[in-house]
Amino acid sequence: MCYIQVIQTVNSMFEYPLVKGLGALIGLYIVYWLGLRAYFSQKEFENVRLRYLDAGLDMACSQVEYALGVYRSNWQLLLRYTKLCRELKVPFDSKDFFTQFRELDQSKFQITPGHRISTLVPNKVIWNFYQLVFSFVGVTNEKIKADFGSALKVVSKDPNNPIHKGFAPEGEKLAHELDAESKKFYLFLSELNNLAHIFEQQQIKRKDIDSFSKREDVVEIVSRVEAIFPEDN
């Protein structure tokens, strides 16, 4: 039987109602199976995205940004009152300094985002410096509130106090030192956002998690983070 005869025979078979019905059922099953496969594939993608991006990289970025926001607010407060003490030669009320001072909410530091990032990027450098951000802001807060704030109370009440002369220069020195030290944490936040952007642009599934850290652009980011903090690795 030639090829044309085979085609004609198959076509003639589908003229029978039973065969037509069976063909329709098979077609419906294939459409259903493909749709179900696409549904579960999409759900897997969404679950991975939720776990490693929304509750991982994005959450870590948000927490680091929060901590650095607390630092920046208090650093600006330090500068403002340093300038005020330099310019004013009369007593003034320093209560507003302590009212505006922002405390660091330690509950913002969470282990889960760091753990999920460590699954994506097994290199410890990301987790280490995620922790260092909160440590830096906590120590900085103590310096600004306890050390600078205590001296501010004395100087604000009595401009003739002996410590008044060196108060403004010391305040400016502290501000410059903190500003220089903080720069690396802003660079870290930028690289953390870069990681989140890379993840967001990919249709990553569970099977892709282990290979994420091997991507060339991810390797470059990790190398840059290591270069930011060479003394801490």
Side-chain angles (χ1 to χ4, degrees), residues 60-110 113-114 124-196 220-233:
C61 287
S62 176
Q63 292 166 347
V64 169
E65 190 171 358
Y66 157 76
L68 292 177
V70 170
Y71 155 74
R72 180 59 58 175
S73 176
N74 292 334
W75 181 82
Q76 291 173 341
L77 197 63
L78 163 66
L79 278 183
R80 187 158 63 248
Y81 274 85
T82 296
K83 181 180 179 181
L84 185 64
C85 288
R86 180 186 291 281
E87 296 175 349
L88 286 181
K89 306 299 180 183
V90 296
F92 63 91
D93 191 352
S94 62
K95 288 181 181 178
D96 193 46
F97 170 86
F98 298 96
T99 300
Q100 294 184 56
F101 187 87
R102 291 181 63 186
E103 298 290 351
L104 180 66
D105 182 359
Q106 290 292 347
S107 69
K108 295 289 185 181
F109 175 80
Q110 298 179 20
K124 66 179 182 178
V125 68
I126 303 295
W127 169 240
N128 284 350
F129 299 117
Y130 171 74
Q131 298 176 77
L132 276 179
V133 172
F134 281 82
S135 175
F136 165 73
V137 177
V139 171
T140 297
N141 267 9
E142 283 299 310
K143 289 180 180 179
I144 295 176
K145 186 177 182 180
D147 299 341
F148 179 83
S150 297
L152 177 65
K153 286 181 179 180
V154 176
V155 172
S156 64
K157 292 177 181 178
D158 182 13
N160 296 317
N161 190 289
I163 71 170
H164 185 276
K165 184 178 180 180
F167 181 77
E170 285 297 319
E172 290 173 350
K173 179 183 176 184
L174 176 60
H176 286 306
E177 289 174 350
L178 294 177
D179 184 55
E181 189 177 358
S182 72
K183 283 181 170 57
K184 60 186 179 183
F185 296 107
Y186 285 99
L187 289 173
F188 171 65
L189 176 59
S190 176
E191 297 296 357
L192 201 57
N193 274 302
N194 287 338
L195 274 178
E220 289 175 356
I221 288 174
V222 172
S223 295
R224 289 199 297 268
V225 173
E226 289 176 327
I228 294 169
F229 308 94
E231 73 280 7
D232 296 307
N233 285 307

Participant: Nearest 0.5 Å please: distance from the CG atom of Leu68 over to the CZ atom of Phe185.
Facilitator: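 These two atoms lie 8.0 Å from each other.
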Participant: In the structure I gave you, are the side-chain heavy atoms of Thr82 and Leu174 within less than 4.5 Å of one another anywhere?
Facilitator: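 Thr82 vs Leu174: side chains apart.
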Participant: With a 4.5 Å cut-off on side-chain heavy atoms, are Phe134 and Lys108 touching?
Facilitator: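 Yes, close enough: below the 4.5 Å cut-off.
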Participant: Restricting to salt bridge (charged side-chain N to carboxylate O under 4.0 Å, His left out), what partner residues turn up for Lys183, sequence neighbours left out?
Facilitator: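 Listed in chain order: Asp179.
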Participant: Give the C-alpha distance, both sets of side-chain angles, the deciding distance and a yes or no for side chain to side chain contact (heavy atoms under 4.5 Å, CB included) between Tyr186 and Arg72.
Facilitator: CA-CA 11 Å; Tyr186 285 99; Arg72 180 59 58 175; 3.4 Å; yes
Participant: Hey, does the side chain of Tyr130 reach the backbone of Pro113 with a donor-acceptor pair shorter than 3.5 angstrom?
Facilitator: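 Side chain of Tyr130 to backbone of Pro113, a donor-acceptor pair under 3.5 Å: no, none is there.
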Participant: Side chains of Tyr81 and Asp96: does their closest heavy-atom pair fall under 4.5 Å?
Facilitator: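 Yes - at least one pair of side-chain heavy atoms lies under 4.5 Å apart.
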Participant: Are any of the side-chain heavy atoms of Leu152 and Cys85 separated by less than 4.5 Å?
Facilitator: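 The answer is yes; the side chains approach within 4.5 Å.
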Participant: For Gln131, is there any backbone N or O sitting under 3.5 Å from a side-chain donor or acceptor partner on Ser135?
Facilitator: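 No; judged by distance alone, with no hydrogens or angles, the pair does not exist.
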Participant: Indicate the atoms forming the closest heavy-atom contact of Phe167 with Ala151, along with that distance.
Facilitator: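 Taking Phe167 first and Ala151 second, the nearest heavy atoms are CE1-CB, 3.5 Å.
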Participant: How close do Glu226 and Val125 get, counting heavy atoms only, and between which atoms?
Facilitator: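 Closest pair (atom of Glu226, atom of Val125, distance): CG-CG2, 3.9 Å.
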Participant: So, taking the atom named CG in Leu78 and the one named NZ in Lys145, what distance separates them when rounded to the nearest 0.5 Å?
Facilitator: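 Answer for the CG-NZ pair, Leu78 versus Lys145, is 14.5 Å.
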Participant: Identify the two heavy atoms, one from Val225 and one from Glu191, that lie closest to each other, and give their separation to 0.1 Å.
Facilitator: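 For Val225 versus Glu191, the nearest heavy atoms are CG2-CB, 3.8 Å.
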Participant: Please report the interatomic distance CD(Glu177) to CD(Glu172), rounded to the nearest 0.5 Å.
Facilitator: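 Answer rounded to 0.5 Å: 12.0 Å.
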Participant: Looking at Asp158 and His164, would you say the former's side chain and the latter's main chain have a donor-acceptor pair under 3.5 Å?
Facilitator: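 Flag not set: sc Asp158 to bb His164 has no pair under 3.5 Å.
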Participant: Taking the side chain as everything from C-beta on, heavy atoms only, tell me whether Arg224 gets closer than 4.5 Å to Ile221.
Facilitator: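 Answer yes - side chains close enough.
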Participant: Check whether any side-chain N or O of Asn74 sits under 3.5 Å from a backbone N or O of Arg102 as a donor-acceptor pair, and report yes or no.
Facilitator: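 Yes.
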Participant: Nearest 0.5 Å, what's the CZ-NZ distance between Phe129 and Lys124?
Facilitator: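 The NZ atom of Lys124 is 9.0 Å from CZ of Phe129, to the nearest 0.5 Å.
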Participant: Kindly compute the distance separating NZ (Lys143) from CH2 (Trp75), expressed to the nearest 0.5 Å.
Facilitator: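 Here the interatomic distance stands at 15.0 Å.
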Participant: For the residue pair Val133 and Ala67, what are the closest heavy atoms and their distance?
Facilitator: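 Heavy-atom minimum between the residues: CG1-CB, 3.9 Å.
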Participant: State, with a plain yes or no, whether a side-chain heavy atom of Leu77 is found less than 4.5 Å away from one of Ile144.
Facilitator: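 SC-SC contact between Leu77 and Ile144 ruled out.
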Participant: Does any part of the side chain of Leu104, heavy atoms only, come nearer than 4.5 Å to the side chain of Tyr71, both counted from C-beta?
Facilitator: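 No, their side chains stay 4.5 Å or more apart.
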Participant: Is a side-chain donor or acceptor of Ser150 paired with a backbone partner of Asp147 at a separation under 3.5 angstrom?
Facilitator: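 No; judged by distance alone, with no hydrogens or angles, the pair does not exist.
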Participant: Aromatic rings Phe97 and Phe148: how do their planes relate, parallel, tilted or perpendicular, breaks at 30° and 60°?
Facilitator: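 The arrangement is tilted - the two ring planes meet at 30° to 60°.
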Participant: Is there side-chain contact between Val155 and Ile163, with heavy atoms separated by less than 4.5 Å?
Facilitator: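 Side chain of Val155 against side chain of Ile163, heavy atoms only: contact under 4.5 Å found.
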Participant: Give me the atom names and distance for the closest heavy-atom approach of Asn141 to Phe101.
Facilitator: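 Where Asn141 meets Phe101 most closely, the heavy atoms are O-CZ, 3.5 Å.
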Participant: Quick check: closest heavy atoms across Pro159 and Val90, and the distance to 0.1 Å?
Facilitator: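 Looking at all heavy atoms of both residues, the shortest contact is CG-C, 3.4 Å.
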